[in-house]
Undergrad: 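Before anything else, here's the structure in question.
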Amino acid sequence: MHDLKDLRTRPDYYKEGLSKRNKELVHLIDEILILDQKKRDIQTKADELRKRKNEIASEISRSKDDISKVETLKSESLTIGTTLADIEKQEIEFSFQLNEKTMWVPNTPSSDVPFGEDEKNNKEILQWGTPRTDKWIKPHWEIGQKLGILDFERGVKIAQSRFTVIAGLGARLERALINFMLDHAAEKGYKEIFPPILVNKDAMIGTGQLPKFDGDFYKCENELLYLIPTAEVPITSLHKDEVLTPEQLPIKYCAYTPCFRREAGAASKDTRGIIRQHQFNKVELVKITSPETSEKEHEELTHNAEEILQKLELPYRKSILCTGDIGFSAMKCYDLEVWFPSQDTYREISSCSNFGSFQARRINIKYKPNQKDKPLFAHTINGSGLAIGRTFAAILENYQTEKETVLVPKALKPYLNGLEEIK
RNA sequence: GGAGAGGUGGCUGAGUGGUCGAAAGCGGCAUCCUGCUAAGAUGUUGUAGGGUCAAAAGCUCUACCGAGGGUUCGAAUCCCUCCCUCUCCGCCA
């Protein structure tokens, strides 16, 4: 969410920022400005009437003995009350509309984000490792089924399509990856959190999942709780309505959680394998920082995610997303994509975003640079470190042997009792 | 799930219909003072939105005592609904 006062003072800055994402968003700014003006006008009117009502109330209390005066005042107050009720209705309506509209406006991209309409314009920054191109490498779902560690049929049997059972050494590998990644994060100074997996609507609004993407998530209607689509949601909201001190910053959290996404609108995408599941595991890295250090912390967080791929010796590339492809709440975002030999391409495995004060403003996370300063909004940053299921799949392919087995990456052996090979 | 108690400013805690945005204490901030420290004195001290202003400061208005409704000229205070916390009982991994 944007700062309305700032938006009022320099609307062109916001228009320009939004036009880089999508030209069709620009009109939102003018609509907001009009609504904002209407809301302020009506608020001024309402405030004046409320003021008069307050005056009358204290006048009555001061002149209780003068019965006729009191009666006159009472009736004046009642008359004002009728008018006020009507105006307040409008006030509420305008505030609602204004808030509603503002909530739908995405963050403005940072000035160093490359311009472009869609993912084709994302800019590759680096490639790491040497991609394998052996033609005999089987897709992860084939080798996974052959090895008896991925069971797609039974996943469907007990749940639905896009739910998969991981069995035996597969389950062990999944768990090893979680522990390995959490340990890596801890080593880098991230405090481990195990949050609730169901969160309320406020948390979903805070990080920007709602209102725009309603329908993408599983919700418990009777409790008004949502299954988290990412640990970003509960972790970033941990400090909701708090004013932090400079000594507390930067706050660094990591969390393993299952994540749940309905994947509506992805009907024909990645129907095979475990790349796109309704339920998947992920280790998430989250930071809360001051505006001064957020850029540096964002780079560092991205690097921390890269280190995991490096330790696992999985070839990957790093790109900066262009203005048209960047997520709703983000001002800048790096994608890490891991190599999939069977698909002869890189696939996203981590998305590391700097949100500026966009989320903090919604969640109300502030910090005081000094004791006497006014509280300012903090910056929030997050990224996957990493998506477990996709890492699992990448290992199945990148570590595959011609004998239809999968070697265990060196870094994971301690987590699998020294196991060398899944066969 | 049942019964009871309660939710007030950064914290502790008073306040049961009328200058209460809220006493007091603690904490914070500023100044002063004692040779330094510790202690002390005085003052100050929330958030959000609006208006005024070129802007900031200032001044001013409105709202906020868990949330939302209601009663009333007037609500922290009375009524209703919901949420949360605590105690007891029940159930349970």
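Treat the numbers as computed from the prediction; the structure is a model and nothing was measured. To find a chain, count down the sequence lines: A is the first, B the second, and so on, and within it residues start at 1.
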Undergrad: Using the C1' atom as the reference point in each nucleotide, state the distance between B/A5 and B/U45 in Å, no decimals.
TA: 33 Å
Undergrad: Please state whether the phosphate of B/G10, meaning OP1 or OP2, lies under 4.0 angstrom from any side-chain nitrogen or oxygen of A/Lys366.
TA: no
Undergrad: Does NZ or CZ of A/Lys318 lie under 6.0 Å from the centre of the six-membered ring of A/Tyr334, at an angle within 45° of the ring axis?
TA: yes
Undergrad: Between the side chains of A/Asp335 and A/Ser319, does any donor sit under 3.5 Å from an acceptor?
TA: no
Undergrad: Atom CD1 in A/Ile178, atom CD in A/Glu174: separation rounded to 0.5 Å?
TA: 5.5 Å
Undergrad: Report the residues that fulfil salt bridge (Lys or Arg N to Asp or Glu O under 4.0 Å) with A/Asp30, sequence neighbours left out, ordered by chain and then residue number.
TA: A/Lys15
Undergrad: Any donor-acceptor pair under 3.5 Å linking the side-chain atoms of A/Tyr316 with those of A/Glu306?
TA: yes
Undergrad: Here's one to test your reading of the geometry: is the NZ or CZ of A/Lys252 within 45 degrees of the ring axis of A/Tyr190 and under 6.0 Å from its centre?
TA: yes
Undergrad: At 4.0 Å (heavy atoms only), tell me whether A/Lys39 reaches a base, stays on the sugar-phosphate, or touches nothing.
TA: sugar-phosphate
Undergrad: For RNA chain B, which residues of residues 10-17 of chain A approach it to below 4.0 angstrom with any heavy atom?
TA: none
Undergrad: Rounded to the nearest angstrom, tell me the gap between atom CD1 in A/Ile365 and atom C1' in B/U47.
TA: 17 Å
Undergrad: Taking atom C1' of B/A48 as reference, at what distance in whole Å does atom CZ of A/Arg50 sit?
TA: 13 Å
Undergrad: Could you check whether A/Lys5 gets within reach of a base, just the sugar-phosphate, or nothing at all, counting any heavy atom under 4.0 Å?
TA: sugar-phosphate
Undergrad: Output one line per pair: protein atom, nucleotide atom from nucleotides 73-75 of chain B, and distance, for all N/O pairs under 3.5 Å.
TA:
unit_1	atom_1	unit_2	atom_2	d
B/C73	O2'	A/Ser77	OG	2.7
B/G74	OP1	A/Lys53	NZ	3.1

Undergrad: Pairing check on B/U42: which nucleotide meets the Watson-Crick or G-U wobble criteria with it, both distances under 3.5 Å?
TA: B/A30
Undergrad: Tabulate atom names and distances for all N/O pairs under 3.5 angstrom spanning the protein and nucleotides 51-55 of chain B.
TA:
unit_1	atom_1	unit_2	atom_2	d
B/G51	OP1	A/Arg40	NE	3.4
B/G51	OP1	A/Arg40	NH2	3.2

Undergrad: Between CD of A/Glu76 and CD of A/Glu55, what distance do you get to the nearest 0.5 Å?
TA: 9.0 Å
Undergrad: Here's a test of your reading of the structure: between A/Arg52 and A/Lys368, which maps to the more 5' nucleotide of RNA chain B?
TA: A/Lys368
Undergrad: In Å and rounded to the nearest 0.5 Å, what is the OG1 to NZ distance from A/Thr380 to A/Lys287?
TA: 12.5 Å
Undergrad: Taking atom P in both B/G69 and B/C11, compute the distance separating them and give it to the nearest angstrom.
TA: 25 Å
Undergrad: Please measure how far the P atom in B/A93 lies from the corresponding atom in B/A3, and state the result in whole Å.
TA: 25 Å
Undergrad: Tell me the interatomic distance from A/Asp47, atom CG, to B/G49, atom C1', rounded to whole angstroms.
TA: 8 Å
Undergrad: With P as the reference atom in both, quote the distance from B/U87 to B/U72 in angstrom, rounded to an integer.
TA: 40 Å
Undergrad: Between P on B/G46 and CG on A/Asn364, what's the gap in Å once rounded to a whole number?
TA: 17 Å
Undergrad: For A/Glu187, I'd like to know if atom CD has over 12 heavy atoms of other residues, nucleotides or ligands within 6.0 Å.
TA: yes
Undergrad: Could you give the CZ-to-P distance, from A/Arg62 to B/G18, as a whole number of Å?
TA: 15 Å
Undergrad: Starting at CZ of A/Arg361 and ending at C1' of B/A48, how long is that distance when rounded to a whole Å?
TA: 14 Å
Undergrad: In residues 82-98 of chain A, which residues come under 4.0 Å of RNA chain B by heavy atom?
TA: none
Undergrad: Answer yes or no: is there an ion pair linking A/Asp66 with A/Lys69, defined by an N-O contact shorter than 4.0 Å?
TA: no
Undergrad: Within 45 degrees of the ring normal and closer than 6.0 Å to the centroid, is that where the cationic atom of A/Lys219 sits relative to A/Tyr226?
TA: no
Undergrad: Which pairs pass ring pair (Phe, Tyr, Trp, His ring centres under 6.0 Å) with one or both residues in residues 143-171 of chain A, sequence neighbours excluded?
TA: A/Phe163-A/His278
Undergrad: Starting from C1' on B/G49, measure out to NZ on A/Lys51 and report it in whole angstrom.
TA: 16 Å
Undergrad: Measuring to OP1 and OP2 of B/C83, would you say a side-chain N or O of A/Asn200 lies under 4.0 angstrom away?
TA: no
